[in-house]
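Quick note: numbers below take in every heavy atom, side chains included, and nothing from hydrogens, waters or symmetry partners. First the proteins, then the strands, lettered A, B, ... as listed; each starts at 1.
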Protein chains: 2
Amino acid sequence: MPCEGHYKDLLKGGNLKNTRQRASILKALENAGQPITAEDIYLLLKDDKVSISLSTVYRVLDTLVEKGLALKNTMTDNPKAFYELKNHEHRHHLLCVGCHKMLPVDGCPLKDYEKLLEEKFGFSVKGHKLEVFGYCEGCREKPHST
Amino acid sequence: MPCEGHYKDLLKGGNLKNTRQRASILKALENAGQPITAEDIYLLLKDDKVSISLSTVYRVLDTLVEKGLALKNTMTDNPKAFYELKNHEHRHHLLCVGCHKMLPVDGCPLKDYEKLLEEKFGFSVKGHKLEVFGYCEGCREKPHST
DNA sequence: ATTCATGCAAACGGTTTGCACGCAT
DNA sequence: ATGCGTGCAAACCGTTTGCATGAAT
């Protein structure tokens, strides 16, 4: 349960001025607890009576990613980028193509694979993106419900 | 070494008219042997004196994907979509962030993982996208060459 | 002859950018 | 006081679409 100053420190660590917009975006990302889009953030903050512009959201997110405080992701067949805080454990998400929910899964199946790539191909792995899609438990029983 | 009629059959199988543009796009995808963008195809065909428009390239690619003849992929930090023929073995690519080459890797580390997801979460996996990035053998020795 | 594919140009949508103003330091 | 951050509106760029023409069946 982080206090408000929490965001302040995060920002200071990146040599970033502690503005209301930036702190609000960090808070929104943290509250979400899963990847959300720039527009999501924009609307969340509007609801919260935080005055902000969409371009600022994009600029702040870019900065956070650049400073290593956040992660950016895109998924095929959705032009919008998703952002998440780089706080929590490394994890992936299952995308239900029925209800479009994202199911977080802790742990990562790729650790050994990356080691193998280093050894076999001399490829120095810096990161990866994994997108698994299919039907969640609820939707697999009624796959034509949409 | 497929003959020209090869493409014709592919198209017929999808109830698609056998046009010069479609056959050329299929050929370009096959020649490439790795994921390429719509613009890549457009330029390749222009060089080859095949008259075609960019929108046709997009429309044909969409159709091919829809018919299951091709795969579409997007990578974070590159807004362009990549397309490849769905001919060959399932495989992934290593993206070098130094020289931006794509290194194909046969095989897939996710088979067991997908089985696990089915069992543990009741999630019916339909497919996945994997993007591994880092430095290739050539670039890891001179990572600041760009 | 009919239906489907193509080319062109204009629209679209998410993201980026230039510039003037405002706020954190 | 200074420099970085923000808002606005316009630009950007990959992609999509409407419509009239053209080609495959």
Side-chain angles (χ1 to χ4, degrees), chain A residues 4-5 7-26 28 35-43 45-46 48-67 69-83, chain B residues 4-5 7-28 35-46 48-67 69-83:
Chain A
E4 288 294 320
Y7 306 117
K8 203 167 172 175
D9 294 343
L10 266 183
L11 291 170
K12 194 168 278 177
N15 273 314
L16 302 173
K17 282 185 182 165
N18 172 36
T19 66
R20 199 162 32 79
Q21 289 88 339
R22 282 176 176 166
S24 311
I25 289 176
L26 285 171
I36 52 178
T37 67
E39 196 187 7
D40 290 339
I41 296 175
Y42 177 66
L43 295 174
L45 296 195
K46 280 220 141 173
D48 232 356
K49 311 299 181 210
V50 177
S51 111
I52 198 168
S53 79
L54 191 50
S55 51
T56 295
V57 176
Y58 278 111
R59 269 193 280 231
V60 170
L61 287 172
D62 277 359
T63 309
L64 294 178
V65 169
E66 196 183 320
K67 296 291 183 183
L69 298 175
L71 292 172
K72 178 182 180 179
N73 258 293
T74 61
M75 355 218 51
T76 312
D77 298 331
N78 186 345
K80 297 185 189 173
F82 285 77
Y83 298 84
Chain B
E4 288 293 321
Y7 306 116
K8 201 168 173 175
D9 295 343
L10 264 184
L11 292 170
K12 194 168 277 178
N15 273 314
L16 302 173
K17 280 183 182 168
N18 172 35
T19 66
R20 199 163 31 79
Q21 289 88 338
R22 283 177 175 163
S24 310
I25 289 176
L26 285 170
K27 188 155 69 171
I36 52 178
T37 68
E39 195 187 7
D40 290 339
I41 295 174
Y42 176 67
L43 295 174
L44 282 169
L45 297 195
K46 280 217 141 175
D48 232 357
K49 310 299 181 210
V50 177
S51 111
I52 198 167
S53 79
L54 191 50
S55 50
T56 296
V57 176
Y58 278 110
R59 269 193 280 233
V60 170
L61 288 172
D62 278 359
T63 309
L64 294 178
V65 170
E66 196 184 322
K67 296 291 184 184
L69 298 175
L71 292 172
K72 178 183 182 178
N73 259 292
T74 62
M75 352 219 52
T76 312
D77 299 330
N78 186 345
K80 296 186 189 173
F82 285 78
Y83 298 84

From [atom1] of [X] over to [atom2] of [N], roughly how many Å is that when rounded to an integer?
{"X": "A:K67", "N": "D:dC4", "atom1": "NZ", "atom2": "P", "result": "11 Å"}
{"X": "B:E39", "N": "D:dT15", "atom1": "CD", "atom2": "P", "result": "9 Å"}
{"X": "A:R22", "N": "C:dC23", "atom1": "CZ", "atom2": "P", "result": "15 Å"}
{"X": "A:E66", "N": "D:dG5", "atom1": "CD", "atom2": "C1'", "result": "14 Å"}
{"X": "B:L61", "N": "D:dT15", "atom1": "CG", "atom2": "P", "result": "10 Å"}
{"X": "A:K12", "N": "C:dA24", "atom1": "NZ", "atom2": "P", "result": "14 Å"}
{"X": "A:L11", "N": "C:dC23", "atom1": "CG", "atom2": "C1'", "result": "15 Å"}
{"X": "A:L16", "N": "C:dT25", "atom1": "CG", "atom2": "P", "result": "11 Å"}

Side-chain N or O of [X] closer than 4.0 Å to phosphate OP1/OP2 of [N]:
{"X": "A:Q21", "N": "D:dG7", "answer": "yes"}
{"X": "A:R59", "N": "D:dG5", "answer": "no"}
{"X": "A:T19", "N": "D:dT6", "answer": "yes"}
{"X": "A:S55", "N": "D:dG7", "answer": "no"}

Just by distance, do the side chain of [X] and the backbone of [Y] share a donor-acceptor pair under 3.5 Å?
{"X": "A:D40", "Y": "A:T37", "answer": "yes"}
{"X": "A:R22", "Y": "A:K17", "answer": "yes"}
{"X": "B:K67", "Y": "B:G14", "answer": "yes"}

**Report entry** Residue closer to the 5' end of DNA chain C, A:A38 versus B:T56 (nearest nucleotide)
**Finding:** B:T56
Which heavy atom of [X] sits nearest to which heavy atom of [Y], and what is that distance?
{"X": "A:I36", "Y": "A:A28", "answer": "CD1-O, 4.1 Å"}
{"X": "B:T76", "Y": "A:K72", "answer": "CG2-O, 3.6 Å"}
{"X": "A:A23", "Y": "A:L11", "answer": "N-CD1, 4.3 Å"}

Query raised in the report: What parts of residues 71-82 of chain A reach DNA chain C, counting only heavy atoms under 4.0 Å away?
Result: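 Of all residues in residues 71-82 of chain A, the ones placing a heavy atom under 4.0 Å from DNA chain C are A:P79, A:K80, A:A81.
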**Report entry** Touch class at under 4.0 angstrom, heavy-atom based, for A:S51 against every strand present
**Finding:**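 Contact class for A:S51: sugar-phosphate only.
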Query raised in the report: Which distance, rounded to the nearest 0.5 Å, do you find between the CG of A:L61 and the OG1 of A:T56?
Result: 10.5 Å
Report task. Establish whether the base of D:dG5 is bridged to the side chain of A:R20 by a donor-acceptor pair shorter than 3.5 Å. Result ->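 It does not, because no donor-acceptor pair links the side chain of A:R20 to the base of D:dG5 below 3.5 Å.
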**Report entry** Of A:K17 and B:L54, the one whose closest DNA chain D nucleotide lies more 5'
**Finding:**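 It is A:K17, whose closest nucleotide lies nearer the 5' terminus.
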